[in-house]
Amino acid sequence: MTYAFKEIEEKWRKIWEEKRIFQARFREDKPKYYLLEMFPYPSGKIHMGHVRNYTIGDVVARYKTMQGYNVLHPMGFDAFGQPAENAAIKNKTKPDGWTHKCIEWMEFELKKMGFSYDWEREVSTCDSEYYRWNQWIFLKMLERGLAYKKASNVNWCPSCETTLANEEVIEGACWRCHQKVEQKDLEQWFLKITDYKERLLEDLAQLKEWPERVIAMQTNWIGRSQGVEIYFRLKEKDATIPVFTTRADTIFGATYVVLAPEHPLVKEIIKGLPQEKAVLSFIEKTEKVTKEIRSSADVRKEGVFTGCYCVNPANNETIPLWIADYVLMEYGTGAIMAVPTHDQRDFLFAKEHGLPMRVVIQPDGRQPLEAGAMTAAYEEDGLQVNSGQFNGLPNQEAKLKIAQWMEEGSIGRIRTHWRLRDWLISRQRYWGTPIPVIYCTQCGIVAVPYEELPVVLPEDAPFTGEGGSPLKKVKEFAETTCPKCKAPAHRETDTMATFFDSSWYFLRFCSPRFEQGPFDAKEAGYWMAVDQYIGGIEHAILHLLYSRFFTKFFKDLGMVGFDEPFTRLLTQGMVLKDGEVMSKSKGNIVDPDSIIKQYGADTLRLFILFAAPPETELEWDDRGIEGAFKFLNRVWRIRENLIAKADASLSKALHKAIKKVSDDIDNFKFNTAIASLMELVNAIYASGADKQIFSKLIILLSPFVPHFAEELWQSLGNGESVTRAGWPQFDPALLIEETAVVVVQVNGKVRSKIEVPAHTSDDELKRLVLCDAKIIQWIQ
RNA sequence: GCUGGAGUGGUGGAAUGGCAUACACGUCGGUCUCAAAAACCGAUGGGGUCACACCCGUGAGGGUUCAACUCCCUCCUCCAGCACCA
């Protein structure tokens, strides 16, 4: 017989809901704990990734509650976005209806897992009561010059028919549909995240409880690099080319300068030169080649001589000016000084085109380099040569000295360069937050007045799936009057990127029905920061960087008093089947719902926690789920075999387990926490448990398998819900062993084990060891 | 190329520098049963032995240490992120 999980789970879920047992109240007198899992996109069905993410969070939430914390554990939906729109096009429905149906169904599925959410705080980003605050935040940014519109070359996904932020382009493809991203010149809305680059970088140091790799990824993404901007004057022209370099120490080895084909100066300086035609045709040729092909490593470096010369400001040498496709307009100044001897790319280019080379750094104590004989650039450290007054210095030292020297002589400037670009937020799509701006022929760009928010997304829009924002075609929406001069005007018809919505939802959860602002500063002051955030690694840059940016913005507005929104971060691993990510196309999906039907939610929760540590990938295993189910039944049967008074040794085993489970949950080692409970259960099978010990076991199990634990807890007559039971304390006295097994090694090899009383003195121990028969034969 | 992480039984995975392989799956054996399933008990890294003893063993090779999966050095392989970033 197996336990009746279906009835049990339904029964307790209903009772918990009726008693509003997970409701979080603003109580400044109590220590708080804000536990948050990344809210889902309402696709309609939950998958194993959700189950894993939310089960991990639920264990911690329940554990912290039982420890006496006032826990905030909310849930909501990241409900704007393209899938709803695509579904609408396909099924000829409305995104709104489709989304709400999905939310309803997903809520139902999440509830079946027994997660301890305070559903009264639920928010959906597609509700105007939520997105009006997106608009409010946007206007605040507009006021401060942090939101601006500019024409530029932007990422364009041809299949989603919309622009994309840099962060949304993964290996040259759209993060959502994996189509190749193109470049387009468009006028778009940007957020000036670059104003916060220093703080976004520096404050990473505060995030001591974030995974290192996320810190590393963000550091890379922000991409600070320290160097010098050096000015190369053109010969016989009135122009100067600034180049950026991190290797000022190699300036005396710069034997030519290279511009990116798109460099604005190019067309101007080649005018009338014999090379003009060749240069123009080269530019045309590179334009056709996509960015992706250009940046692949094995492509030959192509280029062309401009016919112009410039002057190396360090040694006043006249050097040629080239154009090459390996120089990128979007990094640095779009121009480089080429040092073929000490940069591998320059080396290849110089070899290809027969350009001069000069060694300026010699390896210390090794065979000196000779430019003509080199087969690769020498990029390591060494001593300066051919470098005027800097000869003989170690290059790292020279790097600083040369930089200072150039600043003093006004031939260069010490500069810091950043990789981070401003965040492109306009999307040519319908299902998102309307950007609250009006265009007036008289007044230009006019903000929608705060009192007119929200700018509501019209319910009806034509979804043909053919080009352009659907909102453009909704006259009642697009046509309006200017708030300033009352003349006819039209609205912005682009909507905001959905990452805008999710950049502050954690603040909304603190006071989800607040009407005077995006959140109540007082309540947010109590609940924030999020003590523990849990979600997928795919947001390591995107969502996590944007949320950090928003938080700093709110701090500047005086709305919050902290710099960072998420104190501790856990990124959970993916759920695999047969070594591959579960996906429809591979047909290897295990549907959580079918597992719940067969074994119950508790078994699913237990398996997913036990099978692997949370940060690593988890291989789905049907036999493993069977094992989890068997374990629960094994626990279940203890109740029928309780004895009057358990052996003292069992009490010790229990206290050991209490310590182990507590420590392990604190450190997210759910798999070993469960293993220690299995050991305790094995001990109970060996010696028999009494009601008191069994009750404690149930408390320890309850964060993992809450329905199961609640049923046993109450059937033992323990009264009030196990969720209110209080986390057990272990008695340190019981953890002290009376005897210890001493392992005796001779020359590093285990030769004997002897059991001695706990406080045996060293001398006594030595004596015992030396007369141990097994040891004697090894110490001759 | 740079950055981060990983490599342990047949499998998922444990191990503050101190008994490598906890716990589970699988397999084998036993109890119960006419039988099977379930349940319960036990065995289970490799070599070796009737059985012990003993030897080998945490990707490879060195090193530190009385003692290394763990620390240091040099490699290899795999995963992830970024990448003609000047």
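Within 4.0 Å (heavy atoms only), A:Asp346 reaches no atom of the nucleic acid at all.
Here, B:U31 and B:A37 have their C1' atoms 15 Å apart, quoted to the whole Å. B:A14 and B:C50: their C1' atoms are spaced 35 Å apart (whole Å). Taking atom P on both B:C78 and B:U70, the two are 22 Å apart, rounded to the nearest angstrom. Taking atom C1' in both B:U44 and B:G9, the straight-line distance is 10 Å, to the nearest Å. Comparing the same atom, C1', in B:G4 and in B:C28 gives a spacing of 43 Å after rounding to whole Å. On the P atoms, B:C55 is 16 Å away from B:G48, given to the nearest whole Å. Atom name P, nucleotides B:G62 and B:A67: the rounded distance is 16 Å, in whole Å. Comparing the same atom, C1', in B:G81 and in B:C75 gives a spacing of 24 Å after rounding to whole Å.
Between the CG atom of A:Leu204 and the P atom of B:U3 there is a distance of 17 Å, rounded to whole Å. The separation between A:His353 atom NE2 and B:C84 atom P is 18 Å, rounded to whole Å. For the pair A:Glu379 CD and B:C85 C1', the computed distance is 13 Å after rounding to whole Å. What separates CD of A:Gln218 from C1' of B:G4 is a distance of 14 Å, to the nearest Å. A:Phe347 has its CZ atom 20 Å from the P atom of B:A86, to the nearest Å. The distance between atom CG of A:Asp325 and atom C1' of B:C84, rounded to the nearest whole Å, is 9 Å. Protein atom CG of A:Asp249 is 13 Å distant from nucleotide atom P of B:A86, rounded to whole Å. Atom CD in A:Gln226 sits roughly 12 Å away from atom P in B:A86 (whole-Å rounding).
Between the side chains of A:Asp664 and A:Thr672, at least one donor-acceptor pair of N or O atoms lies under 3.5 Å. Using modelled atom types, one finds a donor on one side chain and an acceptor on the other under 3.5 Å when comparing A:Asn155 with A:Gln183. Side-chain N/O atoms of A:Arg415 and A:Gln226 include no donor and acceptor closer than 3.5 Å. Between the side chains of A:Tyr685 and A:Asn641, not a single donor N or O lies within less than 3.5 Å of an accepting N or O.
Relative to the side chain of A:Arg637, the nucleotides B:C84, B:C40, B:A22 differ in distance, and B:C40 lies closest. Closest contact between the side chain of A:Asn220 and the listed nucleotides B:A83, B:C23, B:G81 involves B:G81.
Between A:Arg634 and B:C40 there is a side-chain polar atom (N or O) within less than 4.0 angstrom of OP1 or OP2. Under 4.0 angstrom from either OP1 or OP2 of B:C85 there lies no side-chain N or O belonging to A:Arg421.
Each of A:Ala216 and A:Asp343 has a nearest nucleotide on RNA chain B; the 5'-most of these lies closest to A:Ala216. Ranked by how close their nearest RNA chain B nucleotide is to the 5' end, A:Ala686 and A:Ser225 are led by A:Ala686.
Consecutive Watson-Crick or G-U pairing (both distances under 3.5 Å) extending over three or more pairs maps onto RNA chain B as B:1-7 with B:76-82, B:10-12 with B:23-25, B:26-31 with B:39-44, B:45-47 with B:54-56, B:59-63 with B:71-75.
The side-chain heavy atoms of A:Leu569 and A:Thr571, taken from C-beta on, include a pair separated by under 4.5 Å.
B:G45 adopts an anti glycosidic conformation, its chi angle falling more than 90° from 0.
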(request) Go along nucleotides 5-17 of chain B 5' to 3' and tag each nucleotide: B for a protein heavy atom under 4.0 Å from its base, S when only backbone or sugar atoms are that close, - otherwise. (result) S------BSSS--
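Side chain of A:Asp325 to main chain of A:Glu302: a donor-acceptor pair is present (N/O by atom type, distance under 3.5 Å, no hydrogens or angles).
The cationic group of A:Arg634 does not satisfy the cation-pi geometry with A:Trp636, failing either the under 6.0 Å distance to the six-membered ring centre or the 45° limit from the ring axis.
Sorted by first then second residue, the ring-ring contact (aromatic ring centres under 6.0 Å, His included) pairs that include residues 212-234 of chain A, not counting sequence neighbours, number zero.
Classified by interplanar angle (parallel below 30°, tilted 30° to 60°, perpendicular above 60°), the ring pair A:Tyr331/A:Phe244 is perpendicular. Aromatic ring orientation, A:His342 versus A:Tyr378: perpendicular (interplanar angle above 60°, classes split at 30° and 60°).
When all heavy atoms of A:Ile323 and A:Pro261 are compared, the pair lying nearest together is CG2-CA, 3.7 Å.
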